[in-house]
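Contents: one structure, followed by commentary.
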Amino acid sequence: MALIVHKYGGTSMGSTERIKSVAQRVAKWVRAGHQLVVVPSAMSGETNRLLGLARELMPQASTPEVLRELDAVAATGEQVSVGLLALALQAQGVPAVSYGGWQVPVRTDSAHTKARITSIDDKRVRADLAKGWVVIITGFQGIDEAGNVTTLGRGGSDTSAVAVAAALKADECLIYTDVDGVYTTDPRIVPQARRLNSISFEEMLEMASLGSKVLQIRSVEFAGKYRVPLRVLSSFTPWDLALEEEARSGTLITFEEDEKMEQAVVAGIAFNRDEAKISVIGVPDKPGIAYQILGPVADANIDIDVIIQNMSHSGRTDFSFTVHRNDYARTMEVLRQQVVPALAATDVVGDPKICKVSIVGIGMRSHVGVASKMFRTLSEEGINIQMITTSEIKTSVVIDEKYMELAVRALHKAFGLDEEQAAVGGLETR
Ligand code: ADP
Ligand code: ASP
Ligand code: MG
């Protein structure tokens, strides 16, 4: 008997039919003798619908009071899901109980709309499991010290599930979704993308942080910190698929680098169109300039991603960086009002229509020429690289958004990740 956490995403919970199928699948695991905790998302489209309603009515400024109420609204999607799933399980003859994050409780900090889980009390859940019940806990939501309902950011149910699995020291956390695992890149953009049998934790962390939304980045961080065995698999297989087969399907996130494994140098390609580029032109090239430009931006609580400072000409230089597209207007305002006058800069220019494309692979540590192959591939497609950033296991470029799909497809092919190529070249799917 094992303690297993299942997480079901929005599409997997998308209709009463789908919820019934989830209940049948969970019942199969219970009948095989396992203890089950299930963390579902809101039904697909529901969180968007709720936030849309809120936006129609909310004031312009995102004050803490406004963010609190956005969470109060958004958290209700998951509340409906857990209750419906508990009913569907009871209809299968399986005892089940649902809890909102506040009832467990799942404690978080007070950063409304992007709260972090700080602790999870396992007493109530363990007592129910000991009675032979299935426990269903809302994804995405928690409660802060002061008793306010919080949410964990979009895609946060993944993090709820992994955190619950960590708190309960579960044997495995299974993330059921609308694709049958983690692919070399988003299969919606590149139909030739291949499913990986396994991916290293480090690669998954980079893929998630660089834009692959199949797992929320914080869920991968949690899995790493607490060594939660994590698997991504399909909720669209027949519910009565043999349990042993289901348990081996999808993509396993591995913590040990397997020496014997046939490693492709590049494991996958991630992309993110949520960024915007800003350049401050003609700033004096002297010590402290980066701080003087980015300090006020950081003070406005805006995260900065890629940064470039150009070579100076006659004592002046240009300084460029990227921010989340939602923060673009606010960043431009901070720069125009505070930074340009203080530094006597010539101008501030920006481009919200850029994207970041990244290649990721632990094989990049031990192979040279990977980045240059990336640059050559993009140049052959006539794609101009605006910014570059690298780390040990990834290289990212900032390019014009309109070339994003072309760049991802070209790189996918160039690094031998396409399905047919893999078959011809004899590359193993890992
Ligand atoms: P859920 O509602 O189950 O949480 P998400 O929409 O959040 O599902 O995540 C699954 C989606 O992630 C897939 O439908 C796919 O389009 C997208 N995706 C992006 N990158 C990848 C990748 N590398 N592998 C698999 N899916 C990916
Ligand atoms: N329902 C939330 C969202 O749409 C959380 C999740 O699905 O993971 O972002
Ligand atoms: Mg998701």
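Worth knowing before you read on, the calculation uses all heavy atoms, side chains too, and leaves out hydrogens, waters and symmetry mates. Both counts, for ligands and for their atoms, begin at 1 and track the order of listing. Throughout, numbering of the chain's residues begins at 1 and tracks the sequence.
Looking only at heavy atoms of the protein, atom 2 (O) of ligand 1 is closest to Gly10 N, 3.1 Å. Nearest protein heavy-atom contact of atom 8 (O) of ligand 1 is Thr177 OG1, 3.2 Å. Looking from atom 16 (O) of ligand 1 to the surrounding protein, the closest heavy atom is Arg188 NE, 2.6 Å. Of all protein heavy atoms, the one lying nearest to atom 27 (C) of ligand 1 is Val214 CB, 3.6 Å.
For Gly155, the closest heavy-atom approach to ligand 2 falls below 4.0 Å. Distances shorter than 4.0 angstrom occur between a heavy atom of Lys7 and an atom of ligand 1. Ligand 1 lies within reach of Gly181, whose nearest heavy atom is under 4.0 Å from it.
Residue Leu417 is tested with Ile269, Ile359, Leu411 for a side chain to side chain contact (heavy atoms under 4.5 Å, CB included); the sole match is Ile269. Each of Arg25, Glu246, Lys7 was scored for a side chain to side chain donor-acceptor pair (under 3.5 Å) with Tyr176, with one residue passing: Glu246. Residue Asp418 is tested with Gln192, Lys413, His412 for a side chain to side chain donor-acceptor pair (under 3.5 Å); the sole match is His412.
Ion pairing of Glu46 with Arg49 is present here, as a side-chain N (NZ or NE/NH1/NH2) and a carboxylate O approach within less than 4.0 Å. The residues Asp121 and Lys123 are annotated as salt-bridged, a charged nitrogen and a carboxylate oxygen being separated by less than 4.0 angstrom. The pair Glu275-Lys356 meets the salt-bridge criterion, with a side-chain N (NZ, NE, NH1 or NH2) lying under 4.0 Å from an Asp/Glu carboxylate O.
Close approach to Ser41 involves these atoms of ligand 2, each under 4.0 Å from a residue heavy atom: 6 (C), 7 (O), 8 (O). Listed by number with element, the atoms of ligand 2 under 4.0 angstrom from any heavy atom of Glu78 are 1 (N), 2 (C), 5 (C). Taking every non-hydrogen atom of Lys213 and a distance limit under 4.0 Å, the qualifying atoms of ligand 1 come out as 7 (O), 9 (O), 19 (C).
Residue-to-ligand polar distances place Tyr183 within reach of ligand 1: an N/O pair is separated by less than 3.5 Å. For the pair Ser12 and ligand 1, the shortest N or O to N or O distance does not fall below 3.5 Å. Residue-to-ligand polar distances keep Val182 apart from ligand 1: every N/O pair is separated by 3.5 Å or more. Residue-to-ligand polar distances place Ser157 within reach of ligand 2: an N/O pair is separated by less than 3.5 Å. For a threshold of 3.5 Å applied to N or O pairs, the pair formed by Asp178 and ligand 1 contains at least one separation below that value. Inclusion of Gly10 in the set of residues having an N or O under 3.5 Å from an N or O of ligand 2 is not warranted.
Contacts with ligand 1 closer than 4.0 Å are made by heavy atoms of both the backbone and the side chain of Asp186. Looking at Thr184 against ligand 1, nothing comes within 4.0 Å, counting heavy atoms.
In this structure, the side-chain contact (heavy atoms from CB on, under 4.5 Å) partners of Glu405, at least two apart in sequence or on a different chain, are Ile189, Arg273, Arg409.
Counting only heavy atoms from C-beta outward, the side chains of Val66 and Thr63 approach each other to under 4.5 Å. With a 4.5 Å cut-off on side-chain heavy atoms, Val104 and Val125 count as touching.
Per-atom contact check: atom 6 (O) of ligand 1 does not touch the protein, criterion being a heavy-atom distance below 4.0 Å.
Among Lys213, Gln216, Arg154, Glu46, the residue whose heavy atom lies closest to atom 3 (C) of ligand 2 is Arg154.
Atom NZ of Lys114 has 12 or fewer heavy atoms from other residues, nucleotides or ligands within 6.0 Å. Annotation for Arg154: atom CZ counts as buried by contact number, over 12 foreign heavy atoms lying within 6.0 Å.
Using cut-offs of 30° and 60° on the angle between ring planes, the pair Tyr226 and Phe222 is parallel.
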